[in-house]
Amino acid sequence: MVECTDLSISPSDPPLVAIALGSNLGEPLRQLRSAVQELAQTPGIRVLACSPWYRTAPLGPPQPDYWNGCLIARVQLSPWALLQRLQAIEVQFGRQRQAHWGPRTLDLDLLLYGDRVMTTAELTLPHPRLAERPFVLVPLAAISPHWRHPLLGETIQTLRERVGDAGIIAVLSDDAGETTFATAADRPLPEPRESPESGGTPLGSGAVAAPNQLPRILDLSSHR
Ligand SMILES: Nc1ncnc2c1ncn2[C@@H]1O[C@H](COP(=O)(O)OP(=O)(O)OP(=O)(O)O)[C@@H](O)[C@H]1O
Ligand SMILES: Nc1nc2c(c(=O)[nH]1)N=C(CO)CN2
């Protein structure tokens with residue numbers, strides 16, 4: 001794994017963002033993979049890394065298990081424009097707003113937008129429940145362990161270790177098949193795979209690639 005300790009972003013750089021993906025209705029894996037494609041094809045969004053997919057126990061009312069993952073992208077959209085694009089993709093995949101924390105075909109949350117900290121009626125950054133959720137922190141730590149939470153000052157890896165693996169049932173690497181975890185003790189995190197070219201080849205805006213062609217771990221220093 002390529003270590004990256006300096007995650008500073010100069011003001012002229014388009015910001016890095018982290019986006020969480022989740023689904024537990026319809027065909028979750030197909031929808032999640034298609035959502036990655038939709039994002040990668042959006043002008044102003046360059047997808048840099050995508051985590052494996054994790055089957056997770058539902059938080060909230062009784063409902064089917066979720067599949068969850070995260071991606072990192074560089075964006076040339078404002079936080080609000082990006083949120084709008086995420087919500088448009090959710091609608092495109094048949095998302096209907098029903099019960100609080102209820103089941104859904106696709107959920108796209110904006111977790112981090114560079115080091116922006118803000119609270120408005122439509123958007124809070126960082127995502128207010130980021131630091132509590134294993135189904136977000138486990139995939140995010142797999143691709144971006146060194147990113148520092150701008151409010152808490154701790155790395156994603158530290159936060160991920162603090163919340164543990166509660167509710168993580170299985171992991172599916174698109175190129176390695178599914179591993180089901182019987183007990184927490186059997187449940188090591190998958191080794192993040194270093195991409196062949198130290199951080200991998202970034203996708204151009206508009207490029208289409210299967211998630212398994214994306215680098216598994218992002219060396220942020222090679223994308224500055
Ligand atoms: N960082 C953020 N990412 C996505 N939505 C956000 C964010 N901050 C605030 N929101 C607002 O939250 C509203 C509800 O979002 P959503 O329906 O996806 O919530 P949820 O997925 O049910 O719950 P949770 O936010 O706990 O995951 C959205 O309409 C959006 O305006
Ligand atoms: N495991 C899991 N549970 C959830 C999830 C999710 O993505 N994964 N999303 C929810 C609404 O945001 C509610 N509950």
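Start at 1 and go down the list; that is how both ligands and their atoms are numbered.
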Check: Within the distance-only criterion (no hydrogens, no angle test), does the side chain of Arg160 pair as donor or acceptor with the backbone N or O of Val138 below 3.5 angstrom?
Finding: no
Check: Backbone N or O of Ala57 within a donor-acceptor pair of the Asp65 side chain at under 3.5 Å?
Finding: no
Checklist line | Under 3.5 Å: donor-acceptor pair, side chain of Thr124, backbone of His127 | finding: no
Item checked: Under-4.0 Å heavy-atom contact with ligand 2, by part of Val136 that carries it -> neither
Margin query: Do Trp147 and Leu112 make a side-chain contact, defined as non-hydrogen atoms from C-beta onward lying under 4.5 Å apart?
Written below: yes
Notebook entry, point to check: If you measure every N/O of Leu110 against every N/O of ligand 1, is any gap under 3.5 Å?
Noted result: yes
Checklist line | Side chain proximity check, Gln92 to Glu38, heavy atoms < 4.5 angstrom | finding: yes
Note to self: Is there a polar contact, in the sense of an N or O pair closer than 3.5 Å, between Glu90 and ligand 1?
What the structure shows: no
Note to self: Closer than 4.0 Å to some heavy atom of Pro58 - which atoms of ligand 2 meet that?
What the structure shows: 1 (N), 3 (N)
Notebook entry, point to check: Is Arg133 close to Leu59 at the side-chain level, that is, under 4.5 Å between some pair of heavy atoms?
Noted result: yes
Check: Is there a nitrogen or oxygen of Leu59 sitting under 3.5 Å from a nitrogen or oxygen of ligand 2?
Finding: yes
Checklist line | Criterion side chain to side chain contact (heavy atoms under 4.5 Å, CB included) against Leu159, the qualifying member of Leu140, Leu137, Leu130 | finding: Leu137
Note to self: Give me the residue, atom name and distance of the protein heavy atom closest to atom 8 (N) of ligand 2.
What the structure shows: Asn68 OD1, 3.0 Å
Margin query: Has Thr105 got a side-chain atom pairing as donor or acceptor with Gly26's backbone, closer than 3.5 angstrom?
Written below: no
Check: Counting N and O atoms only, with roles assigned by atom type, does the side chain of Arg55 sit under 3.5 Å from a partner on the main chain of Ile169, one being a donor and the other an acceptor?
Finding: no
Next item on the list: Please report the C-alpha distance between Glu90 and Arg104 in whole Å, then the side-chain angles of each, then the deciding distance to 0.1 Å, and finally whether the salt bridge (Lys or Arg N to Asp or Glu O under 4.0 Å) criterion is met.
Entry: CA-CA 9 Å; Glu90 289 177 344; Arg104 54 204 65 200; over 6 Å; no
Note to self: With a cutoff of 4.0 Å, is Arg133 in contact with ligand 1, counting heavy atoms of the residue only?
What the structure shows: yes
Next item on the list: Write out the residue and atom name of the closest protein heavy atom to atom 12 (O) of ligand 2, then the distance separating them to 0.1 Å.
Entry: Asp107 OD2, 3.2 Å
Margin query: My understanding is that we take every heavy atom of each candidate and find the minimum distance to atom 24 (P) of ligand 1. Doing that for Arg129, Met118, Gln87, which one comes out nearest?
Written below: Arg129
Item checked: Any Ala57 heavy atom less than 4.0 Å from ligand 2 -> yes
Notebook entry, point to check: Which is closest to atom 2 (C) of ligand 2 by heavy-atom distance: Tyr66, Trp67, Trp101?
Noted result: Tyr66
Notebook entry, point to check: Counting each atom of ligand 1 from 1 as listed, which ones have a heavy atom of Asp107 under 4.0 Å away?
Noted result: 18 (O), 21 (O)
Next item on the list: Between Leu123 and ligand 1, find which residue part has any heavy-atom pair under 4.0 Å and reply side chain, backbone, both or neither.
Entry: both
Check: Gln63: heavy atom below 4.0 Å from ligand 2, yes or no?
Finding: no
Next item on the list: Would you mind listing which atoms of ligand 1 come within a distance below 4.0 Å of any non-hydrogen atom of Leu83?
Entry: 4 (C), 5 (N)
Notebook entry, point to check: With only distance considered, is Glu122 within less than 3.5 Å of ligand 1 through an N or O on each side?
Noted result: yes
